[in-house]
Amino acid sequence: MSDMANNVQICYYSGYIRNFRSLCAELDIDAGLGREEREAEIIKKAFAKWKLEMMEHLYGMFAFAVRDEESGETFCVRDQVGQKQMFYAVIGGKFICSGDINEIVKTEGFEKKLNKRMLQQYLFYGYPIGEETFYEGVYKLRPGHYAKWDGKNVSLTRYWKPVFEADRSKTVDQWAEELEKVVAEILDEERGDDKLPYKESFLSGGVDSSYLFAASDAKVANTIGYEESGFDESALARQTAEYLGKELRVKMIGPGEYFERIPEVMDKMGQPLGDASAVAFSIGCAAVKEYADIVYSGEGIDEFFGGYNSHKNPLPEGWVYLTCSHIMSEEVVRSLMLDFDGNVKAADPVMPLWNEVQGQDELSQKLTIDISLWLEGDIYLNTDRTSTACGIELHTPFSDLRLFNAARRIPGDYKFMNDQNKYVFRKAASSKLSDEAAFRKKVGFAVPIRKWLADAKYNSTISEKLFGETSRSFFDQSVLKDMWTHYLSGEEFLWNRIYAIYAFILWYDLKF
């Protein structure tokens, strides 16, 4: 196998292979190697032994490209749920791939051209959804897929998809016990990796980050606070830290620091993102970087177990579930865009998946859609790019495929029980947390930008962008001014539309 591994060249790698010890034993690799060498050996020898079936053996987060020198083919791979980003393009007859879309568009010979279809989809959803990107000719490798380049053509293969199959042979308590064991297994692997530098954790007021902090080896947690009490979770985070006997740091964020940070975030993000939490997350990552190089974060649980109200609320008959985030209707986008394309429908990225899940229960349908599109298109784009830009390595143990493999078999009524979302996960978390923390109502990661945007002390630069030259090239100014006026008059629900439009204009001015 060593000779075969010598024929494997790693062209790109980003990630962390959590189950390295078992893989090193199976692949005859010295587990005491430095992390970089260890993971390179795992990728090369796993590919030599299993080829593309190697993904069935890797647990963690990864995006990589390998060249098989024997066949001359290059394979570009992204992990099952998309924790790490991966983009690709063919430029001047060469296959280019990277987790940073900015690196691809810098390639000599690439001609930057805005993909207006993506702009239209972005306005529907608030994030770059699906396979296309904001650049014509650059594509996102979807989670659970690999691309093969044979020197002439790119072909795509889907090697994994989320499938929910309820197993009623166990009670709620038994499922909770299984989740405890899976969580312990995952975090024991992290805890036992002596090649990792010092680690800390993010902690909000919610059960996901609280359970992660409690079960992990992190001794210090970091949270974000605001003066606006309705958005501040730091007091709840402090309660959890004190209960666990661990330390908490609070980074207070005000509107001045927040708005100043937005351009840097949009630049490093690579594509516009209408999720305002990305800026707060970036500030939080920068604060952690002063103390640690690795930080834990609890992403994945809401999508695996049903953590959003949209998962619980029934769909009207005949409706298609357009992920848990869609910020503008087709009618609003049609009125707003100067160059609206009637052939680009909001449901286009969703329909292939929606057709696949027909016949399943509604919760399974929704979770499949959100794992496949929203989780990777918004949440992981945010967390991966912002943490990387701050020099922080973000570990998301609750996104580990082993936890999904447990979640997918848990009946839906165990996830929504006693007026609680993700109930069975909360039950597992209660083994390490107080009942108050484990069963606390979902708080979310809200940012007071809905209020800050209306403050004349801070919104002048936003207003200049909203009604500047770039905006006039894309948007009907009367419609946009009407939206802005209604927002300033107290219709706060319009904030996310305003922010998404601003984020796009800012990004466009930075990149074009």
Side-chain angles (χ1 to χ4, degrees), residues 4-15 39-40 43-44 46-48 50-55 62-79 82 84-122 128-160 267-272 341 343-344 348-349 352 376-377 380-381 384-385 388 507-508 510-512:
M4 295 173 64
N6 290 335
N7 291 326
V8 181
Q9 177 187 348
I10 299 177
C11 307
Y12 176 88
Y13 174 72
S14 176
E39 294 191 346
I43 295 294
K44 290 164 65 175
F47 182 83
W50 296 305
K51 296 299 183 185
L52 277 306
E53 292 180 1
M54 64 184 287
M55 283 79 78
F62 51 83
F64 64 85
V66 293
R67 177 176 171 80
D68 185 339
E69 298 290 0
E70 187 175 354
S71 68
E73 297 169 327
T74 298
F75 296 89
C76 181
V77 183
R78 192 174 177 199
D79 71 60
K84 302 300 292 183
Q85 299 295 301
M86 181 60 94
F87 304 92
Y88 68 91
V90 177
I91 304 171
K94 295 181 179 180
F95 180 76
I96 309 294
C97 66
S98 175
D100 184 354
I101 198 171
N102 290 328
E103 293 301 312
I104 293 180
V105 300
K106 290 177 184 175
T107 302
E108 184 179 355
F110 180 76
E111 182 180 351
K112 286 196 290 187
K113 183 179 180 183
L114 180 71
N115 181 359
K116 290 188 178 181
R117 295 184 302 279
M118 177 50 71
L119 171 58
Q120 192 163 314
Q121 294 288 8
Y122 166 81
I129 187 172
E131 184 180 10
E132 294 192 45
T133 72
F134 272 86
Y135 295 102
E136 289 280 3
V138 181
Y139 300 92
K140 176 172 62 181
L141 185 64
R142 291 170 290 173
H145 283 70
Y146 66 81
K148 183 178 76 171
W149 168 251
D150 63 7
K152 295 181 179 180
N153 299 296
V154 178
S155 59
L156 298 173
T157 300
R158 183 184 187 184
Y159 71 86
W160 181 88
D267 180 35
K268 301 297 185 182
M269 192 72 62
Q271 295 191 88
D341 184 349
N343 294 317
V344 178
D348 288 347
E376 69 88 16
Y380 291 141
L381 172 63
D384 181 49
R385 296 313 309 152
T388 301
W507 171 85
Y508 185 87
L510 287 168
K511 301 299 182 181
F512 284 88

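Predicted, not measured: the structure shown is a model, and the values here were computed from it. In what follows, residues are counted from 1 in the order of the sequence shown.
Q271 contributes a side-chain N or O that, together with a main-chain N or O of F134, makes up a donor-acceptor pair within less than 3.5 Å. In this structure, the side chain of K148 does not engage the main chain of N153 through any donor-acceptor pair within 3.5 Å. Judged purely by atom type and a 3.5 angstrom limit, T107 uses its side chain to pair as donor or acceptor with the backbone of I104. Q120 places a side-chain N or O within 3.5 Å of a backbone atom of V344 that can act as its donor or acceptor partner. No donor-acceptor distance shorter than 3.5 angstrom exists from the side chain of Y88 to the backbone of L141, with no hydrogens or angles considered. Checked by atom type and distance alone, the side chain of K140 pairs as donor or acceptor with a backbone atom of P128 at under 3.5 Å. Judged by distance alone, with hydrogens and angles left aside, the side-chain atoms of R158 form no donor-acceptor pair with the main-chain N or O of G144 at under 3.5 Å. Counting only distance, with no hydrogens or angles, the side chain of N115 and the backbone of T133 share a donor-acceptor pair below 3.5 Å. N102 contributes a side-chain N or O that, together with a main-chain N or O of D267, makes up a donor-acceptor pair within less than 3.5 Å. The closest donor-acceptor contact from the side chain of R67 to the backbone of I10 lies at 3.5 Å or more, if one exists at all.
In terms of heavy atoms, A48 sits closest to A5 at CB-N, 3.7 Å. When all heavy atoms are compared, the tightest approach of A65 to C97 is CB-SG, 3.5 Å. Taking both residues in full, the closest heavy atoms of G270 and Y135 are given as O-CE1, 4.0 Å, listed atom of the first, atom of the second, then distance. Smallest separation of non-hydrogen atoms from A147 and L156: CB-CD2, 3.6 Å.
Residues M54 and I43 meet the side-chain proximity criterion, which asks for heavy atoms closer than 4.5 Å. Between K44 and V66, the closest side-chain pair of non-hydrogen atoms is not below 4.5 Å. Under the 4.5 Å side-chain criterion, counting only non-hydrogen atoms from C-beta, K511 is not in contact with L114. With contacts defined as side-chain heavy-atom distances shorter than 4.5 Å, the pair V154/V90 qualifies. Between Y13 and E39, the closest side-chain pair of non-hydrogen atoms falls below 4.5 Å. Side chains of C76 and F95 form a contact here, defined as non-hydrogen atoms less than 4.5 Å apart. The shortest side-chain heavy-atom distance between W507 and M269 does not fall under the 4.5 Å cut-off. With a 4.5 Å cut-off on side-chain heavy atoms, V138 and F110 count as touching.
Annotation: K94, atom NZ; neighbour count of heavy atoms from other residues, nucleotides and ligands within 6.0 Å does not exceed 12. When the shell of 6.0 Å around CD of E73 is examined, it contains more than 12 heavy atoms from other residues, nucleotides or ligands. Remark: K152 NZ is loosely packed, at most 12 non-hydrogen atoms of other residues, nucleotides or ligands lying under 6.0 Å away.
Using a 30° and 60° split on the angle between ring planes, F64 and F62 fall in the tilted class, from 30° to 60°. Aromatic ring orientation, F47 versus F75: tilted (interplanar angle from 30° to 60°).
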request  = Show your working on side chain to side chain contact (heavy atoms under 4.5 Å, CB included) between Q85 and R78 and close with a plain yes or no.
outcome  = CA-CA 7 Å; Q85 299 295 301; R78 192 174 177 199; 3.3 Å; yes

(request) Apply side chain to side chain contact (heavy atoms under 4.5 Å, CB included) to the pair R117 and D348, showing each step before the final yes or no. (result) CA-CA 11 Å; R117 295 184 302 279; D348 288 347; over 6 Å; no

- Message: Run R385 and K268 through side chain to side chain contact (heavy atoms under 4.5 Å, CB included) and show every step you take.
- Response: CA-CA 7 Å; R385 296 313 309 152; K268 301 297 185 182; 5.9 Å; no

Could you go through the side chain to side chain contact (heavy atoms under 4.5 Å, CB included) check for Y159 and V77 one step at a time?
CA-CA 10 Å; Y159 71 86; V77 183; 4.3 Å; yes

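A distance of 11.0 Å separates CG of D384 from CD of E376, quoted to the nearest 0.5 Å. If you take CG on D100 and CZ on F87, they are separated by 8.0 Å, rounding to the nearest 0.5 Å. K84 NZ to L381 CG: the interatomic distance, rounded to the nearest 0.5 Å, is 12.0 Å.
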